[in-house]
Amino acid sequence: MTKRSEKTSPATPPSEKRDPVAKDNSPAEVKELSFEDTSIQFKNIGGKWRISLRELAEFYSIQFKHASEKLTLNPELFRDLEVGRVTRPGDNLALDYELSIRDAVSFLMLLPYKRYGDERGPKLIRMRNWLTDNAEKILTGEVPSVFPGMDIDSLGYGKKDLSPLNGLRLSALKHLAKRNHPSSPNTVNRAIATFRNDHQVMKGHQEMEKNWRRELQEPERRKLQAHVAIDFAALANGHLELDERMKYEQAMFRDICPELRPDFLPVQIETTRQMKLIGGDES
């Protein structure tokens, strides 16, 4: 981490040595991550990038006791905490925490930036603005969060269940959205709506469970495959909006393969404002 001076807090003497939570004693791989003009060094510990809470506390002149209280008072904000140790003078071990990248950011978000009159205050402000700016871009689809690193499991799909055909469907959705709406393709909302629609045509209005596709048996599995194939065909024919794709799908099942029609696919879809909102755009 870039430091403002050589000053250290009383809670972190310069002679302390790190004793990371890694399983072996080999030197940990170090990577410097930066946002705006703030750089933080993380160590690869047990396959996850982490930073010492004491190091963060030292940079912001916070006693370790007060820093650790932020973790215990706000447990819902921290998911990946690991207990660590540092070696103090006299070979005495002291408690430390190893924070993941997301937990380090959560910790920094709790710091009162108005407390710092030097460059640390503006750095905290820029970090907050950087996070909110990127959150806005994700929500508007300017920076897609679904492609390619989407969390399929959170949407009811297991990663192993993503067939090549479904991957083509997502790629077609992304391409068509960018072509029709280059300024705001909104691919994130459209992909989520697509996954939810898959579940609804197969299961109705039941709550979507994680990895629900794996529980399907024949002939439901074949019906889902047919649904995905026809939805891809609708996209390939230029139908982007969800209600348009559903109408295309209804006609295809009626005329070509009625025996493969999903049980909860509506016989006739009505274009409503709600359907347009699910698809992503109100225009």
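The salt bridge (charged side-chain N to carboxylate O under 4.0 Å, His left out) test applied to K223 returns D263, not counting sequence neighbours. For R115, the side-chain contact (heavy atoms from CB on, under 4.5 Å) partners two or more places apart in sequence, or in a different chain, are I62, P112. The ring-ring contact (aromatic ring centres under 6.0 Å, His included) test applied to H239 returns Y248, not counting sequence neighbours. Applying the side-chain contact (heavy atoms from CB on, under 4.5 Å) criterion to N180, with sequence neighbours excluded, gives L176, L240. Looking at residues two or more places apart in sequence or on another chain, you find a side-chain contact (heavy atoms from CB on, under 4.5 Å) between Y113 and L124, I125, R128. Residues satisfying the ring-ring contact (aromatic ring centres under 6.0 Å, His included) criterion with Y116, sequence neighbours excluded, are Y60. Qualifying side-chain hydrogen bond (donor to acceptor under 3.5 Å, both in side chains) partners for S100, counting only residues two or more places apart in sequence or in other chains: D80. Remark: Q200 engages H205 in a side-chain contact (heavy atoms from CB on, under 4.5 Å) (not counting sequence neighbours).
Two different hydrophobic clusters hold F264 and M252 under the rule that ILVMFWY side chains link at heavy-atom gaps under 4.5 Å.
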Output, in order, the C-alpha distance, side-chain angles, deciding distance and verdict of side-chain contact (heavy atoms from CB on, under 4.5 Å) for W212 and Q206. CA-CA 11 Å; W212 63 270; Q206 298 180 21; over 6 Å; no

Determine whether K178 and K174 satisfy the following criterion, side-chain contact (heavy atoms from CB on, under 4.5 Å), listing intermediate values before the conclusion. CA-CA 6 Å; K178 284 190 173 182; K174 177 182 178 182; 3.6 Å; yes

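Proximity of a side-chain donor or acceptor of N237 to a complementary backbone N or O of A233 within less than 3.5 Å is detected.
Checked by atom type, the side-chain pair R169/N166 shows a donor-acceptor distance below 3.5 Å.
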